[in-house]
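Because the structure is a prediction, the values reported are computed rather than measured. Index from 1, following the sequence.
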Amino acid sequence: MDGIEVPKYFLCPISLQIMKDPVTATTGITYDRESIEQWLLTYKNTSCPVTQQPLPPESDLTPNHTLRRLIQSWCTENASLGVDRIPTPKPSLDKSHFFKLIKQLQQPGSNIKALQKLDFLAAKNERNRKFMVETGVPKALLSFIVNCFEEISNQGLAEALRVLVFIRIPLAEAKIFLQEYNDQIIKSLIWVLGCEFKPQVMVKSHAVLALKTMIQAASSGFLERLEPPFFEMITGVLKQTTTVSQQGMNAALHALLIACPWGRNRLMMVESGAVSALIELELGIQEKRTTELILGILFHLCCCADGRAEFLSHKGGLAVVTKRIMKVSPTADDRAVFILSLISKFVATNPGLEEMVEVGTVTKLCMLLQVDSTAPYLKSKAMGILRSHTDEWRKFPCIDKTFHKVY
């Protein structure tokens with residue numbers, strides 16, 4: 001097509017490419033359907049790209065058949081010059097199509113085919129995903145997963161979970177589902193994490209992402225009633241890093257962090273081996289968001305005696321938390337210093353205090369005090385840690401000179 005002058009009104013104002021399916025917005029400007037739907041639905045813009053007038057996502061987009069025919073005619077006339085013909089677009093799906101698929105999903109003889117169609121349509125464009133949410137597909141898929149759990153059948157689970165991740169379960173809908181099904185969906189997703197799939201990483205990652213959304217939507221009363229299998233399975237995910245993606249790992253950590261405020265949950269996490277699993281994970285994976293989540297959970301677990309004991313019994317606990325200070329983010333600094341504060345209050349043994357010197361905890365806290373950008377409250381917390389054991393730490397010959405400068 002080099003050297004061919006394309007009529008300007010054939011080009012989409014967004015993509016600057018020849019329009020394949022021209023549609024006219026309520027502002028009177030014509031765009032290619034794929035580009036304007038992506039602008040409105042994927043990028044969540046609410047104004048016309050050309051006129052800047054309000055253009056809500058639910059605005060009608062009217063097919064411009066006249067312009068499409070002109071474009072097709074022009075492409076045909078210039079085919080010998082290398083211009084590809086524009087095929088007539090298929091009619092867009094409406095909500096009734098997804099209502100039919102939901103009915104098929106509820107029928108044993110047609111549910112797998114319905115899942116495959118939903119999977120294909122969800123991956124196709126944001127418009128389909130929007131219609132799926134509006135017609136109740138998330139609830140239908142969650143119900144399907146619960147049925148699979150009750151019937152001990154994993155057929156169709158991979159597709160159902162993939163579609164849920166594509167369309168993202170709205171929190172409002174997740175809350176309603178939890179009210180109707182109580183903890184069955186949590187038990188179902190935990191069961192999925194214990195099943196074998198091919199490909200395993202994708203399916204289990206999608207299951208953890210769905211689980212995180214449900215935990216986010218859960219009420220305080222619901223979170224207080226979580227049972228040991230939930231924490232045991234999530235901890236198992238943290239220990240087997242090859243079974244989920246990085247996104248899935250962060251989702252698992254997020255789910256634990258949400259459950260942390262309740263003392264009963266913290267005890268169950270400690271009993272499931274979460275403290276050791278978190279430290280090992282941080283030693284092996286260095287990613288900002290992962291580190292922030294791990295330190296956040298460790299802070300909560302160190303609020304209880306058993307959690308502190310587990311933390312101190314791991315040879316890498318103090319070392320990895322100390323190392324992350326001033327290396328990751330202000331959020332990580334906050335959580336790391338608060339962990340060290342909790343530990344320092346209850347470390348009464350000489351070996352524990354000696355370890356804080358050997359791994360550089362004392363030196364790192366002194367350095368934190370000398371950094372101008374450190375938040376005042378964090379400096380105060382660091383100073384409190386240093387003062388709590390000043391007499392003991394002064395006895396160590398290897399103590400850094402900066403410690404003495406602080407005083």
Less than 4.0 angstrom from a charged side-chain N to a carboxylate O is my criterion; do Lys239 and Glu280 meet it? no

Look at Lys139 together with Glu180 and state whether they make a salt bridge at an N to O cut-off of under 4.0 Å.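 So Lys139 pairs with Glu180 through a salt bridge.
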
Measure the CE-CG distance between Met326 and Leu368 for me, rounded to the nearest 0.5 Å. 6.0 Å

Show your reasoning for whether salt bridge (charged side-chain N to carboxylate O under 4.0 Å, His left out) applies to Lys130 and Glu134. CA-CA 6 Å; Lys130 178 175 177 286; Glu134 292 174 353; 2.9 Å; yes

Any non-hydrogen side-chain atom of [X] less than 4.5 Å from a side-chain atom of [Y]?
{"X": "Thr290", "Y": "Leu253", "answer": "yes"}
{"X": "Ser220", "Y": "Trp262", "answer": "yes"}
{"X": "Leu11", "Y": "Leu16", "answer": "no"}
{"X": "Phe311", "Y": "Leu342", "answer": "no"}
{"X": "Tyr9", "Y": "Thr30", "answer": "no"}

Acceptor/donor pairs from residues 99-114 side chains to any protein atom, 3.5 angstrom cut, sequence neighbours excluded:
unit_1	atom_1	unit_2	atom_2	d
Gln107	OE1	Ser110	OG	3.4
Ser110	OG	Gln104	O	2.9

Would you say [X] has more than 12 foreign heavy atoms packed within less than 6.0 Å of its [atom1]?
{"X": "Met202", "atom1": "CE", "result": "no"}
{"X": "Gln247", "atom1": "CD", "result": "no"}
{"X": "Tyr43", "atom1": "OH", "result": "no"}

Using only heavy-atom distances, determine whether the side chains of [X] and [Y] contain a donor-acceptor pair under 3.5 Å.
{"X": "Gln53", "Y": "Ser47", "answer": "no"}
{"X": "Tyr181", "Y": "Ser143", "answer": "yes"}
{"X": "Gln200", "Y": "Thr243", "answer": "no"}
{"X": "Gln72", "Y": "Thr88", "answer": "yes"}

For Ile190 and Pro229, work out which heavy atoms get closest and say how close. CG2-O, 4.1 Å

Please report the C-alpha distance between Thr213 and Leu209 in whole Å, then the side-chain angles of each, then the deciding distance to 0.1 Å, and finally whether the side-chain contact (heavy atoms from CB on, under 4.5 Å) criterion is met. CA-CA 6 Å; Thr213 300; Leu209 287 164; 5.8 Å; no

So, does [X] use its side chain to make a donor-acceptor pair with the main chain of [Y] at under 3.5 Å?
{"X": "Lys379", "Y": "Val371", "answer": "yes"}
{"X": "Ser388", "Y": "Ile385", "answer": "yes"}
{"X": "Asp94", "Y": "Ser96", "answer": "yes"}
{"X": "Arg264", "Y": "Leu226", "answer": "yes"}

Applying salt bridge (charged side-chain N to carboxylate O under 4.0 Å, His left out) to Glu292 and Arg335, what does each step give before you reach the verdict? CA-CA 8 Å; Glu292 292 174 347; Arg335 294 172 180 180; 5.4 Å; no

Set of side chain to side chain donor-acceptor pair (under 3.5 Å) partners for His97, sequence neighbours left out: none

According to side chain to side chain donor-acceptor pair (under 3.5 Å), who are the partners of Lys117, at least two apart in sequence or on a separate chain?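 Partners of Lys117 under the side chain to side chain donor-acceptor pair (under 3.5 Å) test: none.
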
Give a yes/no verdict on a cation-pi contact between Lys381 and Phe338, requiring under 6.0 Å between NZ or CZ and the six-membered ring centre and an angle within 45° of the axis. yes

Aromatic Phe346 / basic Arg308 pairing, under 6.0 angstrom, 45° off normal: yes

Run through Leu70, Thr62, Asn64, Leu61 and flag the one making a side chain to side chain contact (heavy atoms under 4.5 Å, CB included) with Pro22. Asn64

Checking side chain to side chain contact (heavy atoms under 4.5 Å, CB included) between Thr291 and each of Gln286, Lys327, Glu282, which is the one that passes? Glu282

What verdict does the side-chain contact (heavy atoms from CB on, under 4.5 Å) test give for Asn154 and Val203, after you've listed the backbone C-alpha separation in whole Å, the side-chain angles of each residue and the deciding distance to 0.1 Å? CA-CA 11 Å; Asn154 62 9; Val203 178; over 6 Å; no

